[in-house]
Amino acid sequence: MMRLRRPPWWALLLAVVGAALFVYLGVWQLHRADYKEALLRRYATSVSAAPQDFAGVAVRPPTDSFPRVRARGRYLLDRIYLLDNPHHDHRGGVEVFVPFAVEGETSLLLVDAGFLHPGANGATPTLPALPKEETTLQGLYVPPPPVGFEMGGNALARQTHWPKESIFLDPTELAADLGRPLFPRVLALDADPASGYIRQHSLELSMTPARHRAYAFQWFSFALAAVAILLVLNRDKRRRSP
């Protein structure tokens with residue numbers, strides 16, 4: 001049976017504080033996993049929900065749900081944006097975003113029209129036609145695509161012809177490029193096989209529930225390691241007399 005020396009007070013304090021911190025972080029990661037799973041369930045439920053009027057959620061959308069909405073207005077077809085290289089079926093392509101002028105509103109609604117595979121030799125695909133006349137759109141009112149660091153800065157400002165392409169679509173840069181404010185979320189259109197666009201939308205999360213749980217396991221492992229290190233360093237190595 002292993003015998004232990006009494007550890008220094010500072011070593012005991014360090015181990016206890018460290019283990020407690022690691023356990024707290026692990027529990028927090030588990031809570032984040034549960035929260036993300038709840039978001040994914042709400043997203044899946046929203047796809048089949050009855051559409052509501054866009055005006056009710058346009059400026060202040062609910063933070064933890066994704067309303068399915070109906071909006072009427074006109075596309076700004078001379079101001080199309082292509083988000084480069086999202087993946088569907090492990091193939092590259094572009095996601096097509098089009099500003100939409102909602103009836104009676106100053107702000108523009110950015111519409112995710114759908115995904116297109118690249119043309120021959122990776123060329124920009126031909127864009128299926130969208131309605132020129134006033135039309136009614138239906139879809140989920142979702143957060144805009146995530147942004148990140150873009151080498152060379154704002155790619156949109158350097159382009160003079162539409163459609164403009166970028167690997168990120170920053171709402172602030174889009175609003176500046178359009179000269180008009182944008183609503184805080186994006187309209188991801190309902191699936192329509194006749195449209196020519198692939199509309200298989202999913203909720204983009206910075207971290208999946210599974211990854212949160214993996215981090216939780218990591219933090220709990222660190223807590224066990226802190227206790228184990230304390231025990232190992234304070235073993236009484238003196239041999240007992242026979």
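Hydrogens, waters and symmetry mates are skipped; everything else that's a heavy atom, side chains included, is used.
For residues 7-27, no residue pair satisfies the salt bridge (Lys or Arg N to Asp or Glu O under 4.0 Å) rule, not counting sequence neighbours. Screening residues 209-229 for salt bridge (Lys or Arg N to Asp or Glu O under 4.0 Å), with sequence neighbours left out, gives D34-R213, E37-R213. Annotation: salt bridge (Lys or Arg N to Asp or Glu O under 4.0 Å) contacts involving residues 10-23, sequence neighbours excluded, are absent.
Rounded to the nearest 0.5 Å, atoms CD (E133) and CZ (R74) are 7.5 Å apart. The CG atom of L116 sits 7.0 Å away from atom CD1 of I198, with the distance rounded to the nearest 0.5 Å. The OH atom of Y75 sits 4.0 Å away from atom CG of L137, with the distance rounded to the nearest 0.5 Å. Rounded to the nearest 0.5 Å, atoms CZ (F54) and CD (E103) are 12.5 Å apart. Considering CG of L108 and CG of L182, their distance stands at 6.0 Å, rounded to 0.5 Å. Between the CG atom of L82 and the CD1 atom of I167 there is a distance of 14.0 Å, given to the nearest 0.5 Å.
In plain terms, the two heavy atoms of K132 and L77 that are nearest each other are CG-CD1, 3.7 Å. Listed here is the closest heavy atom pair of G93 and P118: CA-CD, 3.8 Å. Contact detail for P184 and P144: the closest heavy-atom pair is O-CD, 3.6 Å. Taking all atoms of both residues into account, the shortest heavy-atom contact from S65 to R185 is O-NH1, 3.0 Å. Contact record, P209 with A33: O-CB, 3.6 Å, taken as the closest heavy-atom pair. Residues V111 and V186 come closest through the heavy atom pair C-CG1, 4.4 Å.
Scanning for salt bridge (charged side-chain N to carboxylate O under 4.0 Å, His left out) contacts around D170 gives an empty result, with sequence neighbours left out. With sequence neighbours excluded, no residue forms a side chain to side chain donor-acceptor pair (under 3.5 Å) with E105. Looking at residues two or more places apart in sequence or on another chain, you find a side chain to side chain donor-acceptor pair (under 3.5 Å) between E134 and R72. By the salt bridge (charged side-chain N to carboxylate O under 4.0 Å, His left out) test, K36 pairs with no residue at all, sequence neighbours left out. With sequence neighbours left out, D190 forms a salt bridge (charged side-chain N to carboxylate O under 4.0 Å, His left out) with R68. For D192, there are no salt bridge (charged side-chain N to carboxylate O under 4.0 Å, His left out) partners two or more places apart in sequence or in a different chain. Shown here are the ring pair (Phe, Tyr, Trp, His ring centres under 6.0 Å) partners of F97, two or more places apart in sequence or in another chain: there are none. Residues meeting the ring pair (Phe, Tyr, Trp, His ring centres under 6.0 Å) test with F222, sequence neighbours left out: F22, W219.
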**Report entry** Worked check of side-chain contact (heavy atoms from CB on, under 4.5 Å) between L156 and Y81
**Finding:** CA-CA 9 Å; L156 302 180; Y81 296 91; 3.9 Å; yes

Report task. Run the numbers on L110 and F183 for side-chain contact (heavy atoms from CB on, under 4.5 Å), then give the verdict. Result -> CA-CA 7 Å; L110 191 64; F183 286 107; over 6 Å; no

Requested in this report: I would like to know whether Y215 and R32 meet side-chain contact (heavy atoms from CB on, under 4.5 Å); could you show each step before the answer?
Outcome: CA-CA 11 Å; Y215 277 122; R32 293 299 297 170; over 6 Å; no

Requested in this report: Check step by step if side-chain contact (heavy atoms from CB on, under 4.5 Å) holds for R79 and D177.
Outcome: CA-CA 9 Å; R79 295 291 186 270; D177 198 52; 5.9 Å; no

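Hydrophobic clustering (side-chain heavy atoms under 4.5 Å, transitive across Ile, Leu, Val, Met, Phe, Trp, Tyr) keeps V232 apart from I229. In the hydrophobic clustering of ILVMFWY residues, with side-chain heavy atoms under 4.5 Å counting as a link, V59 and L109 come out together. Under the 4.5 Å side-chain heavy-atom criterion for Ile, Leu, Val, Met, Phe, Trp and Tyr, L169 and L76 are members of the same hydrophobic cluster.
A 4.5 Å side-chain heavy-atom check between L140 and Y43 finds at least one atom pair inside the cut-off. Using a 4.5 Å heavy-atom threshold, the side chains of V96 and Y197 count as touching.
Under a 4.5 Å side-chain heavy-atom cut-off, the cluster of Ile, Leu, Val, Met, Phe, Trp and Tyr residues that includes L30 is completed by V23, V27, F220.
The backbone N or O of A58 lies less than 3.5 Å from a partner atom in the side chain of Y141, making a donor-acceptor pair. Remark: the backbone N or O of F168 is paired with a side-chain donor or acceptor of S166 at under 3.5 angstrom. Looking at R42, its side chain never comes within 3.5 Å of a backbone N or O of F66 through a donor-acceptor pair. No donor-acceptor pair closer than 3.5 Å links the side chain of E95 to the backbone N or O of D112.
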